[in-house]
Protein chains: 2
Amino acid sequence: MSAVEETDQAIVSALTADGRMSYTDLAEKVGLSVSAVHQRVRRLEQRGVIIGYGARVDYNAIGLPLTAFVAIRPFDPAQPDDAPERLAHLSEIESCFSVAGEDFYILLVRVASPVDLERLLQEIRTSANVTTRTTVVLSTPFEQRAPRIHLAD
Amino acid sequence: MSAVEETDQAIVSALTADGRMSYTDLAEKVGLSVSAVHQRVRRLEQRGVIIGYGARVDYNAIGLPLTAFVAIRPFDPAQPDDAPERLAHLSEIESCFSVAGEDFYILLVRVASPVDLERLLQEIRTSANVTTRTTVVLSTPFEQRAPRIHLAD
DNA sequence: TCTGAAAGGTTCTATCA
DNA sequence: TGATAGAACCTTTCAGA
């Protein structure tokens with residue numbers, strides 16, 4: 001681990017925790033000039049280390065208080081496995097993970113109510129020709145915590 | 001749904017998609033003056049609708065290429081259910097969801113390698129006195145998509 | 001709740017070490 | 001790679017409607 005990596009780690013760490021931190025503050029935090037930090041951030045963005053920036057929202061406040069995991073597997077095991085493309089149009093699906101194990105994919109979904117979840121599950125089943133197994137989230141002790149970074153460059 | 005809500009929806013939507021968008025661009029996008037938008041964003045932050053801002057990173061690039069779901073349940077069903085507090089110190093755990101169903105919690109974890117996953121699972125089991133059932137993520141077709149907002153105020 | 005304007009800070013580029 | 005400096009732009013606040 002060189003000092004360079006450590007600086008980039010500190011930058012990525014700081015920006016995952018606060019994506020709107022100014023370059024002035026960031027520079028002070030990592031002990032570089034504003035333009036040097038600016039340059040490094042731009043390089044991290046170009047390298048694809050930093051993909052983008054987003055606001056974190058309270059899902060209750062934006063009218064999506066019901067979170068669930070939906071594990072899916074094909075109705076017919078021989079059918080082509082194109083579930084992600086078939087499901088991408090459903091905006092209630094926040095994330096889609098291809099997984100090892102009995103299921104093919106695990107979806108993380110956010111909806112307004114149980115009725116909306118029912119409707120969504122029907123759409124998922126018909127859109128991708130899959131069976132679903134749903135686990136409802138009751139509460140979220142913590143979520144989207146900033147990772148500890150291990151840059152290897 | 002009033003016009004006011006729609007403006008706030010547009011603001012939250014835009015900021016979840018691009019958390020660093022300038023107030024100038026945001027103002028143009030939602031058809032208000034810069035100061036009006038600024039005021040609304042500040043109110044959304046104060047109301048807790050917008051919790052914060054963060055950089056989205058490529059987990060491969062930051063040295064955490066292995067993602068997994070870890071479902072946990074207490075080793076002894078009679079023990080106090082304080083798993084989230086006991087696990088919060090493990091930085092590899094990005095999210096912790098309390099769920100309905102056979103499991104008590106589902107954790108989303110990010111680690112560098114299978115060996116690190118093994119180590120983490122041992123720490124989870126001993127820290128919280130739980131059994132674990134792990135589902136490894138093979139690939140992520142999509143993740144952290146911006147939600148469609150339904151503000152109710 | 002919105003607008004417009006002004007002050008101060010930040011981003012970004014260019015240039016040099 | 002990093003620093004400095006300056007122009008352009010953005011954020012923030014305030015008065016007024």
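Reminder, nothing fancy here: chain letters follow the sequence lines and each chain counts from 1.
- Between B:K29 and B:D18 there is no salt bridge, since no side-chain nitrogen of the basic residue lies less than 4.0 Å from a carboxylate oxygen of the acidic one.
- Contacts between residues 10-19 of chain B and DNA chain C, defined by a heavy-atom separation below 4.0 Å, involve no residue at all.
- In this structure B:D82 satisfies the salt bridge (Lys or Arg N to Asp or Glu O under 4.0 Å) test together with B:R86, sequence neighbours excluded.
- Residue contacts for B:A36: at a heavy-atom cut-off of 4.0 Å it reaches a base atom on one of the strands shown.
- The distance between atom CG of A:L26 and atom C1' of C:dT10, rounded to the nearest whole Å, is 13 Å.
- Residue B:V130 shares its hydrophobic cluster (ILVMFWY side chains chained together at separations under 4.5 Å) with A:F142, B:L66, B:V70, B:I72, B:L87, B:L90, B:I93, B:F104, B:Y105, B:L107, B:V109, B:V111, B:L117, B:L120, B:L121, B:I124, B:V136.
- At a threshold of 4.5 Å between non-hydrogen side-chain atoms, the residues A:P147 and A:T16 count as touching.
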* Structure fact -> Given protein heavy atoms under 4.0 Å, the one-letter contact record of nucleotides 11-17 of chain C, with B base, S sugar-phosphate only and - none, is simply SBB----

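- Each end of the helix from C:dT1-D:dA17 to C:dA17-D:dT1 gets its own axis from five base pairs, and the two axes differ in direction by 30°, given to 10 degrees.
- Open room surrounds CD on A:E28; 12 or fewer heavy atoms of other groups in view lie less than 6.0 Å from it.
- Under the salt bridge (Lys or Arg N to Asp or Glu O under 4.0 Å) criterion, the residue pairs touching residues 55-77 of chain A are A:R73-A:E102, A:R73-A:D103, with sequence neighbours excluded.
- Using modelled atom types, one finds a donor on one side chain and an acceptor on the other under 3.5 Å when comparing A:Q39 with A:R43.
- Between the CG atom of B:D25 and the C1' atom of C:dT10 there is a distance of 15 Å, given to the nearest Å.
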* Kindly determine whether B:E94 and B:Y59 satisfy side chain to side chain donor-acceptor pair (under 3.5 Å), including the steps that lead there. => CA-CA 12 Å; B:E94 186 188 290; B:Y59 289 95; 2.9 Å; yes

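- With hydrophobic clusters built from ILVMFWY side chains whose heavy atoms lie under 4.5 angstrom apart, A:V30 shares a cluster with A:Y53.
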